[in-house]
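In this chain, residues are counted from 1 in sequence order. Everything numeric in this text was worked out from a predicted model, so none of it was measured.
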Amino acid sequence: MAASMAASPLCTWLLAACTSVSFENELKTDPFQCSRRLPKRLKRKVLSTCCSDTSNALSPISGLLSSFCGSSVQGLMSSCLAFEPCSDSYRCNGLSSLFGSRNVGINRKQKRTNRARNSGETMAVALQPVQKVSTMKKPVMKQRRVVVTGMGVVTPLGHDPDIFYNNLLDGVSGISEIETFDCAQFPTRIAGEIKSFSTDGWVAPKLSKRMDKFMLYMLTAGKKALADGGMTDDAMKNLDKAKCGVLIGSAMGGMKVFNDAIEALRISYKKMNPFCIPFATTNMGSAMLAMDLGWMGPNYSISTACATSNFCILNAANHIIRGEANVMLCGGSDSTIIPIGLGGFVACRALSQRNSDPAKASRPWDINRDGFVMGEGAGVLLLEELDHAKRRGASIYAEFLGGSFTSDAYHMTEPHPDGVGVTLCIEKALAQAGVSREEVNYINAHATSTPAGDLKEYIALTHCFRENSKLKVNSTKSMIGHLLGAAGAVEAVAVVQAIRTGWVHPNVNLENPDEGVDPSMLVGPKKERLDIKVALSNSFGFGGHNSSILFAPYR
């Protein structure tokens, strides 16, 4: 104990002296100059104090001085750190003559000594945690669970989640001839076009005249999701708006507004819509909805082509899990059934040309498929933190378990030949959600009805779930076409509805499955009863974007 009390202040004082600013300058020229910084009289006092007592109690100090005076800074450090600092030892009588007393007059030399002593006290405090090692960890927080409490859709099969899903269960097709414009010059003249749509009661008339359809679909579906989730005026007043956000994306944005602006520019810039730039951007629909609601939490959009909605849903859920939000509206919206949109996809040679029989045109996994069919619309989920939903008495439709993203890093429009990006995405989603392969018994596939894409996804599914004999797979696109950036959100609504009802919709037009496709894994031409344990929804997009998200019944 005596050795500790004596050595600790001396150690820390010497260390402070050697690590001063002036010492650092001297060290550049001579690393062993630290001993010269001590005044001569003080050196003699240190030496006489340390050497006069040859007892074992002070023997560590001799080693310290030996390291300090005749070795190196490294030796000094190792010697100093061998002792535990003790602030009480500064009051030790044995060293009072060395470090001075606070009760007597202070001359210039003693001031220098006191400065060194105070530096030693500071260093002693700084070194204390080193001697008493304790790893500071972030407090363990209870995992915040995310649930679905509301849904809103605008689709070719209806603008209400129940009407939409009942039509899917009945195998009704929403694909027909395009009526919005004359498309006789195009080789493709069919689409999943929305024939009738009204914003009455959902969007202000003034905005309805100016906004692009993708924004009108988004705002309408978003507000319908709120209404479906029981977000009455009173409930909205009780929300912490700083913890409410909107994350709804679009693959193409306001193509009609932008196209109209180009046509106006042919006459004069003065004829251009002053809103053409903001209303053409993909983020503005999400921003306008947040402004309308006064929600000040996370608000942005993601654009990853046809994987947009899944990216938005997973990121919205992550905001809730991290505690940055309690409520999030999320999903996607697109409206590109206009000449430039149709022409662009025709140029890509991606669209079906089965104009004579529109209802039979979209046929995922069928050997006679010849491309996808364009669709339009919007889908929005109301995601909520579980306890928050319980407190306001919300109806809980399903639980969001998690998901993942990957990139093929291969080609702009073609999937990776081996399907490795999709396989990795599914496996990462299962791992992130803590779900085993055996638990998944329903998959709403991306399956767009393209020759390459359908098979690559199927190969990935069989690789990931090859031993899961209870798995059932279907494609919503067989009846509504491909809604591009809105596809994942509308299909997520279909997944939640399947969980709620216990029925999965059929795969229409699957008359002759492609070679290598096992029909027993696919849902047949009629709806099927299924007690869903865990459901997976896939969405992939141009650019090699892959996304998988998981839902389950709330328990």
Side-chain angles (χ1 to χ4, degrees), residues 154-157 159 174-199 203 207-221 248-267 271-285 288 301 303 305-306 308-309 332-355 358 361-362 371-379 413 448 477 480-487 489-490 541-542:
V154 175
T155 77
L157 287 181
H159 311 324
I175 299 171
S176 60
E177 292 184 0
I178 296 173
E179 298 176 1
T180 307
F181 61 96
D182 182 9
C183 54
Q185 60 176 319
F186 294 97
T188 295
R189 298 182 291 277
I190 57 175
E193 186 180 49
I194 294 174
K195 304 299 185 183
S196 62
F197 172 72
S198 173
T199 60
V203 182
L207 289 176
S208 292
K209 295 177 181 178
R210 294 174 173 173
M211 286 182 174
D212 190 276
K213 275 187 178 180
F214 99 96
M215 295 178 66
L216 297 177
Y217 293 164
M218 184 187 296
L219 266 65
T220 302
I248 308 175
S250 175
M252 308 300 290
M255 289 189 69
K256 178 69 164 58
V257 167
F258 201 75
N259 185 74
D260 290 347
I262 293 174
E263 294 300 320
L265 184 60
R266 296 179 187 276
I267 302 172
K271 298 291 185 180
M272 293 176 67
N273 180 353
F275 296 95
C276 67
I277 294 299
F279 282 177
T281 58
T282 59
N283 73 298
M284 197 53 65
M288 292 296 290
S301 69
S303 184
C306 305
T308 290
S309 288
S333 179
D334 259 320
S335 178
T336 60
I337 304 177
I338 57 175
I340 190 172
L342 179 64
F345 281 109
V346 165
C348 287
R349 299 179 182 178
L351 298 182
S352 170
Q353 298 182 18
R354 196 184 293 264
N355 301 309
S362 183
F372 76 83
V373 179
M374 290 177 63
E376 63 178 346
T413 59
T448 61
K477 295 180 182 70
I480 62 173
H482 191 355
L483 274 59
L484 306 179
V490 171
F542 282 0

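- S352 is linked by a side chain to side chain donor-acceptor pair (under 3.5 Å) to D370, counting only residues two or more places apart in sequence or in another chain.
- Y217 meets the ring-ring contact (aromatic ring centres under 6.0 Å, His included) test with F197; sequence neighbours excluded.
- The side-chain heavy atoms of F214 and T336, taken from C-beta on, include no pair separated by under 4.5 Å.
- Partners of K477 according to the salt bridge (charged side-chain N to carboxylate O under 4.0 Å, His left out) rule, which considers only residues two or more places apart in sequence or in another chain, are E491.
- When every heavy atom of L342 is checked against every heavy atom of C183, the shortest pair comes out as CD2-CB, 4.0 Å.
- Remark: T199 OG1 to K209 NZ distance equals 10.5 Å, nearest 0.5 Å.
- Around the CZ atom of F186, the shell of radius 6.0 Å holds more than 12 heavy atoms that belong to other residues, nucleotides or ligands.
- In terms of heavy-atom proximity, A489 sits nearest to G379 at CB-O, 3.1 Å.
- For the atom pair M255 CE and D334 CG, the distance stands at 9.0 Å (nearest 0.5 Å).
- Applying the side chain to side chain donor-acceptor pair (under 3.5 Å) test to pairs two or more places apart or on separate chains, those with a residue in residues 251-261 are K256-D260.
- Taking the side chain as every heavy atom from C-beta outward, I178 and R189 never approach each other to under 4.5 Å.
- Listed by chain and residue number, nothing satisfies the side chain to side chain donor-acceptor pair (under 3.5 Å) test with T308 (two or more places apart in sequence, or in another chain).
- Considering CG of L216 and CG of L207, their distance stands at 8.5 Å, rounded to 0.5 Å.
- T448 pairs by the side chain to side chain donor-acceptor pair (under 3.5 Å) definition with T450, not counting sequence neighbours.
- Residue pairs meeting the side chain to side chain donor-acceptor pair (under 3.5 Å) criterion with at least one member in residues 273-284, sequence neighbours excluded: T281-N283.
- Residues S301 and G249 share a closest heavy-atom pair of CB-CA, 3.8 Å.
- Separating the CD atom in E179 from the CD1 atom in I194 is a distance of 13.0 Å, to the nearest 0.5 Å.
- For S198, the side-chain contact (heavy atoms from CB on, under 4.5 Å) partners two or more places apart in sequence, or in a different chain, are D200.
- Under the salt bridge (charged side-chain N to carboxylate O under 4.0 Å, His left out) criterion, R349 pairs with no residue, sequence neighbours left out.
- Of all heavy-atom pairs between A486 and G377, the closest is CB-O, 3.3 Å.
- Nearest heavy-atom pair, R354 versus A361, reported as atom, atom and distance to 0.1 Å: CD-CA, 3.7 Å.
- Distance check, rounded to the nearest 0.5 Å: CE of M374 to OG1 of T188 gives 9.5 Å.
- Residues forming a ring-ring contact (aromatic ring centres under 6.0 Å, His included) with F279 (at least two apart in sequence, or on another chain): F275.
- Summarising the geometry, atom CE belonging to M215 is positioned 12.0 Å from atom CZ belonging to R210; distances are rounded to the nearest 0.5 Å.
- Residues satisfying the side chain to side chain donor-acceptor pair (under 3.5 Å) criterion with K195, sequence neighbours excluded, are S176, E193.
- Heavy-atom neighbours of I340 CD1 from other residues, nucleotides or ligands within 6.0 Å: at or below the threshold of 12.
- Across every non-hydrogen atom of S362 and I175, the tightest pair is CB-CD1, 3.7 Å.
- Using a 4.5 Å heavy-atom threshold, the side chains of L484 and F345 count as touching.
- By the side-chain contact (heavy atoms from CB on, under 4.5 Å) test, A305 is found to be paired with F542, residues two or more places apart in sequence or in another chain being considered.
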